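From a predicted model like this one, the values you see are computed outputs, not experimental measurements. Lettering of chains follows the sequences in order, A, B, ..., and the numbering in each one begins at 1.
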Number of protein chains: 2
Amino acid sequence: MDIKTVCAGLLTFGEASGYEIKKLFEDGTFSGVYDASFGSIYPALTRLAEEGHVLCRAEEQQGRPDKKVYSLTPKGRAHFIAELSRGIQPDKVRSEFAIATIFAHLLPRAVIAAYIDQQIEEHRAALARLDLAECDPSSAMTNLRFAIGFGRVQLNAAIDYLESHRGMLEASAVPPDDEAVAVSGVKHA
Amino acid sequence: MDIKTVCAGLLTFGEASGYEIKKLFEDGTFSGVYDASFGSIYPALTRLAEEGHVLCRAEEQQGRPDKKVYSLTPKGRAHFIAELSRGIQPDKVRSEFAIATIFAHLLPRAVIAAYIDQQIEEHRAALARLDLAECDPSSAMTNLRFAIGFGRVQLNAAIDYLESHRGMLEASAVPPDDEAVAVSGVKHA
DNA sequence: ACTGGCATGTAATTTGTTACATGATTGT
DNA sequence: ACAATCATGTAACAAATTACATGCCAGT
């Protein structure tokens, strides 16, 4: 599924500008499941407009550049539904944290501890975003509540595990007085 | 973290060929947290060799092309540890399944049901891979058991939620006799 | 004064995938 | 016969990020 399709999907919930779509990827409905930069979003919206999948209306603003508000056309809506019905790819995950755990026996204990703290904080922030999303009236739909609950159980499972098992990982790591050993692989007298 | 670094990391566990590294991304230690194609792995190994981070030894084989077995040099090992200690990026997830749930109210019920089945099966397969990884003697290390347990709790949380709440999502979807409505947005008499 | 939010867009670069090219062996 | 596994590598292509370019307004 390409960015064009995802942008079209967001527009089924109502019109939005490129800037607003970026914010939705960051803290809104899509945070944690998709992300894209301005360099992807703006060209995607331009191409969607060329294809007649969206309409673009320039909204004048004081001082700031015109806001370009995009709205989905019936054709765009039908195309989005068809695309999403065609099949989905397996989840793609790239977790540098998980990689760090796999090599924890090579890393200084302080580094591992900091990474665990960081990971827990990120998951807590993600949970807070879900709480906010739940308050939004648009989340009245059952499927959105499903999606929020789904994110929640996974984040909670991860946080619980990290908190209750972090000692295991910290014990595997290189003790503070032994860091040179880890790098050289040789213990000197 | 780039592919070169990840390949170097895998080589801390012992020498391997490009082909074997690919398999490790698919079913081994890294399945579920990282993935890369041959088109990324082979050039990465070539560059690691140019930089002196790995050594390459050609192993002759009958019929098949020579197997190029790479092993990490002390310099490569030190560089890997330094890189991994420098900091990690937040997890990156791209879940088309999660996107489908967000738009479940636009999709035919049969499509949603199939996607849920597919997702559960993928997670079960991932669990089976973790079970295999645990049997491997190299997984005796505490940090690897931590990593396996971490994957396990998240996968189990996801499967449990999907099984117990799938009715919610299926109820949101478009009933079988109503699909034209979803696309056109208009209900005809 | 400076940072951060609002707002768009392009160009250069990076990154990575897919497809192609080759070829023997083993299992169905 | 045919598909799959083993095994490497390149070239073409696609996707996406980063950095650049511009500029106002509000808050500290």
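- One interatomic measurement links the two molecules: NZ of A/Lys22 to P of C/dC6, which rounds to 13 Å at whole-angstrom precision.
- By the side chain to side chain donor-acceptor pair (under 3.5 Å) test, B/Glu170 pairs with B/Arg166, sequence neighbours left out.
- Here C/dT8 presents its P atom at 9 Å from CG of A/Leu45, a figure rounded to the nearest Å.
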Protein proximity profile, nucleotides 9-20 of chain D - base contact B, sugar-phosphate-only contact S, no contact -, cut-off 4.0 Å on heavy atoms = BB-----SBB--

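- Between the CD1 atom of A/Ile41 and the C1' atom of C/dT10 there is a distance of 15 Å, given to the nearest Å.
- Judged as a ring-ring contact (aromatic ring centres under 6.0 Å, His included), the pairs with a partner in residues 155-177 of chain A (not counting sequence neighbours) are, in order, A/Tyr161-A/His165, A/Tyr161-B/Phe146, A/Tyr161-B/Phe150.
- In this structure, CG of B/Leu24 is placed 15 Å from C1' of D/dC6, rounded to the nearest angstrom.
- Annotation for B/Leu132: hydrophobic cluster partners, listed by chain and number, are none (ILVMFWY side-chain heavy atoms under 4.5 Å, direct or chained).
- Using bins of under 30°, 30° to 60° and over 60° for the plane-to-plane angle, the ring pair B/Phe103/A/Phe80 lands in the perpendicular bin.
- Regarding contacts with the backbone of D/dC6, a side-chain N or O of B/Tyr19 is found under 4.0 angstrom from either OP1 or OP2.
- A/Lys23 places its NZ atom 17 Å from the P atom of C/dG4, with the value rounded to the nearest Å.
- A/Arg47 pairs by the side chain to side chain donor-acceptor pair (under 3.5 Å) definition with nothing, not counting sequence neighbours.
- Comparing the helix axis at one end of the helix from C/dA1-D/dT28 to C/dT28-D/dA1 with that at the other, each defined from 5 consecutive pairs, gives an inter-axis angle of 40° (nearest 10°).
- The CD1 atom of B/Ile21 sits 15 Å away from the P atom of D/dC6 (whole-angstrom rounding).
- Side-chain contacts under 4.5 Å among hydrophobic residues (ILVMFWY), followed directly or transitively, place B/Tyr19 together with B/Phe38, B/Tyr42.
- The side chain to side chain donor-acceptor pair (under 3.5 Å) check on B/Asn156 picks up nothing, with sequence neighbours excluded.
- Legend: salt bridge (Lys or Arg N to Asp or Glu O under 4.0 Å) pairs involving residues 85-96 of chain B, not counting sequence neighbours, sorted by first then second residue: B/Glu83-B/Arg86.
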